[in-house]
Q: 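Just dropping this structure here.
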Protein chains: 2
Amino acid sequence: MTRALTRKGEATRARIVAGAAAEIRERGVDEVRLDDVMAHTGTSKGQLFHYFPDGKEGLLLAVAQHEADQVLIDQEPLLSNLTSWPAWQAWRDRLIERYLEQGVKCPLNGLLGQTGRRAPGAQAIVTGLMWRWQQAITEGIRHMQSTGDIAPDVDADRAAAALLAGIQGGVLLLLTTGRTDHLEAALDLTLDSLRAGARMSDTHEGHGND
Amino acid sequence: MTRALTRKGEATRARIVAGAAAEIRERGVDEVRLDDVMAHTGTSKGQLFHYFPDGKEGLLLAVAQHEADQVLIDQEPLLSNLTSWPAWQAWRDRLIERYLEQGVKCPLNGLLGQTGRRAPGAQAIVTGLMWRWQQAITEGIRHMQSTGDIAPDVDADRAAAALLAGIQGGVLLLLTTGRTDHLEAALDLTLDSLRAGARMSDTHEGHGND
DNA sequence: CAGGTTTTGGACTTGCAGGTCCATTTTTGC
DNA sequence: GCAAAAATGGACCTGCAAGTCCAAAACCTG
């Protein structure tokens, strides 16, 4: 299947995916035609179906995977190094900044649009993204527990799940309202409560980094 | 415009909206054809365009409004009476129960599918829904502050925003993962932190309702 | 440089789904 | 009961966008 694929071929394929992704972020999944992708990437129908034998379906799946990966990449290296309160804060700031500048042109926009339909494929990709995301957060919490910055009796998985939910909801509301209020509130209040938990059960000193 | 509209006419119109809404919940916005709606509601093309001169666009908008209203109605009378911790708990339980039984067939599914595209109309409807929703939560928090169950220094609007974000994200994750974990975690942890806030700054007595 | 393979271009086909139209039936108001 | 208005049924039209096909060009590989 994916056997022969010249250097040039791979480049073209990548160009198509990236171009389609951009187009979709810009105008929404169901507003993008194959012709748009062709125009925007300087390719022909022949090429589209050459690299994506399953047609639009396959292309959209590739785009979804591309975007899902990008979402996490955009948060690195911060997301993988949540080892101090300033680090958490920096990650929080990065998230807000990123989504604010993206505005409505959010990768999620394209991903979610596919959630319902195209069940098996797109859904699996989104699920995978969420799982990896939550996993990273969980690890961050666990690390903070190991340093005593978060109370040991906090259920890391549960807290990570709540935080992730807050983020997703915040982004969703950013998408509909255009404001980052919800995202900020969800992030800040959830992080505050994690910090508060430490103070209550672990009082050996003050971790003054606010 | 909306002048003449017989009893029978209104019934038909309502039947179309309800049927289309059901169909959309079931199979997703972009899988539903006008023919499906006709079949499912026992109507003809003539009727569809008679009651929705703007065609599918108008119908979808009507469906969106219908679903948005339904989302809040489903939470009543609990949502408008968040006046004690048990009341909050009951509301929380209702939310989880509702969404669990709905599973993927969530009204939001249809609403969100339209968010990106059809910008002005659908977006306004979703925004309106979110605003009303958050407003109700804010009022609940304010009431709890008036009875001393929540610390007065809590920013009710901000807390409501965070809670709403958690809910939306939780539902979104329920839609993709099929599990209510995120929704539960978001609700419980946020409510816990509201409760905790009261205990810390308002210690005149124990509000033992947990 | 010759033969096979991959890449590219673009004309053509096709099915479908939204939308139009009008003829017929039913309801309403007097 | 009788016009006028509203409700209904369904045949028909139409445009668009996905997908097909093949021929030509570029490219490896020995």
Side-chain angles (χ1 to χ4, degrees), chain A residues 1-21 23-24 26-64 110 113-114 116-118 121-122, chain B residues 1-21 23-24 26-64 110 113-114 116-118 121-122:
Chain A
M1 268 290 104
T2 23
R3 63 313 159 85
L5 234 276
T6 306
R7 185 81 47 80
K8 192 180 179 188
E10 284 210 75
T12 304
R13 203 195 119 103
R15 182 158 45 96
I16 293 174
V17 172
E23 200 86 347
I24 287 171
E26 195 72 28
R27 310 171 30 205
V29 206
D30 32 44
E31 291 303 318
V32 173
R33 322 279 157 223
L34 290 187
D35 287 340
D36 300 328
V37 176
M38 285 160 53
H40 193 269
T41 60
T43 48
S44 65
K45 262 249 168 89
Q47 300 179 56
L48 249 52
F49 283 84
H50 178 63
Y51 294 106
F52 302 94
D54 293 340
K56 197 177 191 182
E57 182 102 9
L59 173 57
L60 285 181
L61 239 46
V63 168
Q114 300 181 50
R117 66 186 183 188
R118 283 167 244 283
Chain B
M1 268 291 104
T2 22
R3 40 25 176 15
L5 234 277
T6 305
R7 186 82 47 80
K8 191 181 180 187
E10 284 209 75
T12 303
R13 203 195 118 103
R15 183 159 44 97
I16 292 174
V17 171
E23 199 86 347
I24 287 171
E26 193 74 26
R27 310 173 29 204
V29 205
D30 32 46
E31 291 304 318
V32 174
R33 320 282 156 220
L34 290 187
D35 287 341
D36 299 329
V37 176
M38 285 160 52
H40 193 269
T41 61
T43 47
S44 65
K45 249 213 185 120
Q47 299 178 54
L48 248 52
F49 283 84
H50 178 64
Y51 294 106
F52 303 94
D54 294 340
K56 198 177 190 182
E57 182 104 8
L59 173 58
L60 286 181
L61 239 46
V63 168
Q114 301 181 53
R117 65 187 185 188
R118 284 167 243 283

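First the proteins, then the strands, lettered A, B, ... as listed; each starts at 1.
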Q: With a 4.0 Å cut-off on heavy atoms, is G46(B) in touch with a base, just the backbone sugar-phosphate, or nothing at all?
A: base
Q: I want to verify a distance call: between dC27(D), dT8(D), dA6(D), whose nearest atom is closest to the S44(B) side chain?
A: dT8(D)
Q: According to a strict under-4.0 Å criterion, is Q47(B) in side-chain N/O contact with OP1 or OP2 of dA7(D)?
A: no
Q: Please report, rounded to the nearest Å, how far the P atom of dA17(D) is from the CG atom of L48(A).
A: 15 Å
Q: Hey, which sits more toward the 5' end of DNA chain C by its nearest nucleotide, K45(A) or K45(B)?
A: K45(A)
Q: Please tell me which of R33(B) and R7(B) maps to the more 5' nucleotide of DNA chain C, matching each residue to the nucleotide holding its nearest heavy atom.
A: R33(B)
Q: Counting any heavy atom closer than 4.0 Å, what does G55(B) reach on the DNA or RNA strands: base, sugar-phosphate only, or nothing?
A: sugar-phosphate
Q: Report the residue (G9(B) or D35(A)) whose heavy-atom-nearest nucleotide on DNA chain D is the more 5′ of the two.
A: G9(B)
Q: D54(B) CG to dG19(C) P: how many Å, rounded?
A: 9 Å
Q: Look up atom CG in D54(A) and atom CG in L61(A), then write down how far apart they are to the nearest 0.5 Å.
A: 8.5 Å
Q: How many whole angstroms separate atom NZ of K8(B) from atom C1' of dT27(C)?
A: 7 Å
Q: dA5(D) P sits how many Å from E10(B) CD, rounded?
A: 20 Å
Q: Return the nearest nucleotide to the side chain of K56(B); candidates are dT28(C), dG18(C), dT6(C).
A: dG18(C)
Q: Whole-Å distance between dT5(C) C1' and L5(A) CG?
A: 12 Å
Q: Report the C-alpha distance between L34(A) and L59(A) in whole Å, list the side-chain angles of each, state the deciding distance to 0.1 Å, and finish with yes or no for side-chain contact (heavy atoms from CB on, under 4.5 Å).
A: CA-CA 10 Å; L34(A) 290 187; L59(A) 173 57; 4.2 Å; yes
Q: Nearest to the side chain of F49(A), heavy atoms from C-beta on, is which of dT26(C), dG19(D), dG18(C)?
A: dG19(D)
Q: With a 4.0 Å cutoff (strictly under), does any side-chain N or O of T6(A) reach OP1 or OP2 of dT5(C)?
A: no
Q: Figure out the CZ/P separation between R13(B) and dA7(D), and round it to whole Å.
A: 11 Å
Q: Sub-3.5 Å donor-acceptor pair from the side chain of R27(B) to the main-chain atoms of V32(B), do we have one?
A: no
Q: Reckon Y51(A) has a side-chain N or O less than 4.0 Å from the OP1 or OP2 of dT8(C)?
A: yes
Q: Report the distance from atom CG of L34(A) to atom C1' of dC12(C), rounded to the nearest whole Å.
A: 16 Å
Q: Does L60(A) form a side-chain contact (heavy atoms from CB on, under 4.5 Å) with I24(A)? I'd like the steps, not just the answer.
A: CA-CA 10 Å; L60(A) 285 181; I24(A) 287 171; 3.6 Å; yes
Q: Could you walk me through whether R33(B) and D36(B) satisfy the side-chain contact (heavy atoms from CB on, under 4.5 Å) test, starting with their C-alpha distance in whole Å, then the side-chain angles of each, then the deciding distance to 0.1 Å, before giving a yes or no?
A: CA-CA 5 Å; R33(B) 320 282 156 220; D36(B) 299 329; 3.3 Å; yes
Q: dT8(C), dT8(D), dG18(C): which one has an atom nearest the side-chain heavy atoms of H50(A)?
A: dT8(C)
Q: What is the distance, to the nearest angstrom, from the CZ atom on F52(A) to the P atom on dA18(D)?
A: 14 Å
